[in-house]
Amino acid sequence: MINLYAQQIKEISVDDLQNQMRRRERGYVIVDARELTEYYKGHIPGACSLFDGEMNAIAKNLDKNANIIVYGPGQTTPSPRMEDRLAGDAAMKLSSLGFKNVTVLKGGLQEWANRGNRLDRSEPESIKPAKTSIMSETVRSVEDI
């Protein structure tokens, strides 16, 4: 565990996340906490974009017991640079919204990419609505919530 701004948030390593993905463990969500434009440029396969402004609305439809893995661009410890704090801030916000199993990817997207892992890229019009076992209904956009 690491201390993110006086709250205890667990970390997950890139290796552990890869193992979870290979085993196709049930009930986890990978959350990209960066801005949507950065998400389009490259993200962990299967990750969803959940920038801070959308979190309250979307969180209403997610199972509070789901395993949520949050990542940002890089480090997760306190930093004067706002972009370094995205994962920690998102993890704390999700915890405050009642999610019980929130972890932060140690080293973020930078560590994932530096280890030679694939990044998916997308265009805004290619994003399709998804229905997962942790959502109560299909969500097409924030306005649907």
Heavy-atom pair with the smallest gap, counting every atom of [X] and [Y]:
X: G46; Y: D120; answer: N-OD2, 4.2 Å
X: Y39; Y: A47; answer: OH-O, 2.7 Å
X: G108; Y: Y71; answer: CA-CB, 4.2 Å
X: G72; Y: A87; answer: N-CB, 3.5 Å
X: S122; Y: H43; answer: OG-CE1, 3.6 Å
X: S49; Y: L36; answer: OG-CD1, 3.4 Å

Can you confirm whether [X] sits close enough to [Y] that some side-chain heavy atom of one is under 4.5 Å from a side-chain heavy atom of the other?
X: I30; Y: C48; answer: no
X: L105; Y: V14; answer: yes
X: D15; Y: R115; answer: yes
X: M21; Y: Q18; answer: no
X: I44; Y: L109; answer: yes

For the [atom1] atom of [X] and the [atom2] atom of [Y], what is their distance to the nearest 0.5 Å?
X: I69; Y: K106; atom1: CD1; atom2: NZ; value: 15.5 Å
X: L94; Y: D89; atom1: CG; atom2: CG; value: 11.0 Å
X: I68; Y: I12; atom1: CD1; atom2: CD1; value: 12.5 Å
X: N101; Y: K10; atom1: CG; atom2: NZ; value: 6.5 Å

Looking only at atom types and distance, does a side-chain atom of R121 sit under 3.5 Å from a main-chain N or O of K41, one as donor and one as acceptor?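 Checking the backbone N and O of K41 against the side chain of R121, a donor-acceptor pair under 3.5 Å is found.
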
Is a side-chain donor or acceptor of W112 paired with a backbone partner of R118 at a separation under 3.5 angstrom?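 The answer is yes, because a donor-acceptor pair under 3.5 Å joins these two groups.
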
